[in-house]
Protein chains: 2
Amino acid sequence: MPTPHYGQPRYRLIADQLRERIESGVILPGSLLPAESVLTAEFRASRGTIRQAIAVLREARFVATEHGRGTYANPRPHEWGSEKYSEPEATQREVSANVELAALFGIDVGVTLIEQESVIRRDGSVETVVRTYWHPQSGR
Amino acid sequence: MPTPHYGQPRYRLIADQLRERIESGVILPGSLLPAESVLTAEFRASRGTIRQAIAVLREARFVATEHGRGTYANPRPHEWGSEKYSEPEATQREVSANVELAALFGIDVGVTLIEQESVIRRDGSVETVVRTYWHPQSGR
DNA sequence: AGAAATTTGTCCGTATGTATC
DNA sequence: AGATACATACGGACAAATTTC
């Protein structure tokens, strides 16, 4: 099969079906999802596609994966909002140089700098935050 | 996003940023680079573009890739006294999470985080400041 | 205690289709 | 037309963590 993604890509369709099983209780909260190898057989999709589908659910906190163990269906303690809570991972904004940054860059306090903040997640929770500062003029 | 490669193609720009992180010590020599999947998320680029960027660095011996393991940043006996870059200045210290960081990590305000600050100079003056935050427990 | 099997993590190479410069 | 880039998808292989025998 080539790569026909009519409307919805396959990994989203698979993710939807898995999500439905969790919400309906077919897969109980706290229990393991079928292994990737099982899912590839069941959905007749490549492992990469299955992993992409699971990644979608992980992003939405529906599941959590552990290396060597498997992927667990999450209990649902928080309905805080709905599924709307997926923020951008990288944001850029202008900031005003404080004393420390001004000293580092050798500029005056208050001068505008660009700050890019990248949030790196692992199994839903934030693992690393990277903030990069540079001077607008120096390009990038 | 479309394909606006102003002058430089995207994969070279990404390669440059990764190279900077290695030379500046943000990515320590001998340590693993973020996985392809992480880099695609961080740079918002497709896997092909990320792989192209890494291929550039591999070509220049800046990194070495091991099948199934990852891509390592190479120690650099290379042109250490280059005109463009001076000694990497990376300092690590413990900081207390303020409101923003606490919200990002999902922790309480005041919890200690590790901050690594790297200063990248070019031709003497500070070009970029990178601050990386992570939780002591979650390894590095 | 140790070996084997299981499972996820990562990289490799390739392919198709679309879109932009 | 060609290079660049994106999104999607396949199959294979090796690595690492965990579980099972």
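Protein chains get the first letters and strands the later ones, always in sequence-line order, with residue 1 at the start of each. Heavy-atom basis, side chains included; hydrogens, waters and symmetry copies ignored.
With contacts defined as side-chain heavy-atom distances shorter than 4.5 Å, the pair L13(B)/F43(B) does not qualify. Using a 4.5 Å cut-off on side-chain heavy atoms (C-beta onward), P34(A) and I27(A) make contact. Looking at V95(A) and Y133(A), their side chains come closer than 4.5 Å, going by heavy atoms from C-beta outward. Between V111(B) and H135(B) there is a side-chain heavy-atom pair separated by less than 4.5 Å. Looking at heavy atoms from C-beta onward, T65(B) lies in side-chain contact with R58(B) at the 4.5 angstrom threshold. Annotation: side chain of L39(B) is not in contact with side chain of E36(B) (no heavy-atom distance under 4.5 Å).
For H67(B), the side-chain atoms get nearest to dC14(D) when compared with the rest of dT8(C), dC14(D), dT8(D). The side chain of T71(B) has dC11(C) as its nearest neighbour among dG9(C), dC11(C), dC6(D). When distances are taken from the side chain of S46(B) to each of dC10(D), dT8(D), dC6(D), the shortest belongs to dC6(D). Among dC12(C), dG9(C), dA7(D), the nucleotide with an atom closest to any side-chain atom of E36(B) is dC12(C).
Separating the CG atom of L32(B) from the P atom of dC11(C) is a distance of 8 Å, rounded to the nearest angstrom. As a whole-Å value, the separation of L13(A) CG from dT8(D) P is 11 Å. Counting to the nearest Å, the P atom of dG12(D) and the CZ atom of R51(A) are 17 Å from each other. Between the CZ atom of R47(B) and the P atom of dT8(D) there is a distance of 14 Å, rounded to whole Å. One atom, CD of Q52(A), and another, P of dG9(C), lie 14 Å apart when rounded to the nearest Å. dT6(C) atom C1' lies 15 Å from atom CD of E66(A), rounded to whole Å. Rounded to whole angstrom, the span from the CD1 atom of I50(B) across to the P atom of dC6(D) amounts to 8 Å. Atom-to-atom, CG of L33(A) to C1' of dT8(C) comes out at 13 Å; the value is rounded to the nearest Å.
Scanning both residues, L113(A) and I107(A), for their nearest heavy atoms gives CD2-CD1, 3.9 Å.
Linking ILVMFWY side-chain heavy atoms closer than 4.5 Å, directly or via other members, places L104(B) and V109(B) in two distinct hydrophobic clusters. L28(A) and V63(A) are assigned to two separate hydrophobic clusters, defined by single-linkage of ILVMFWY side chains at heavy-atom distances under 4.5 Å.
The environment of CD in Q17(A) is crowded: more than 12 heavy-atom neighbours from other residues, nucleotides or ligands sit within 6.0 Å.
Put simply, T49(A) has a side-chain N or O that comes within less than 4.0 Å of OP1 or OP2 on dC10(D). Phosphate proximity of dT8(D) to Y11(A): present, with a side-chain N or O under 4.0 Å from OP1 or OP2. Considering only side-chain N and O atoms, R10(A) lies nowhere under 4.0 angstrom from the phosphate OP1 or OP2 of dT8(D).
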Protein N or O to nucleotides 1-4 of chain C N or O, pairs below 3.5 Å:
none

Below 3.5 Å between N/O atoms, which protein atoms pair up with nucleotides 19-21 of chain D? Just atom names and distances, please.
| unit_1 | atom_1 | unit_2 | atom_2 | d |
| --- | --- | --- | --- | --- |
| dT19(D) | OP1 | R69(A) | NE | 2.5 |
| dT19(D) | OP1 | R69(A) | NH2 | 3.1 |

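Taking for each of G48(B) and R44(A) the nucleotide of DNA chain D with the nearest heavy atom, the 5'-most of the two is the partner of G48(B).
Residue G70(A) is in sugar-phosphate contact alone, with no base atom involved, counting any heavy-atom pair closer than 4.0 Å across all strands shown. If you check every strand for non-hydrogen atoms under 4.0 Å, R58(B) touches sugar and phosphate atoms only.
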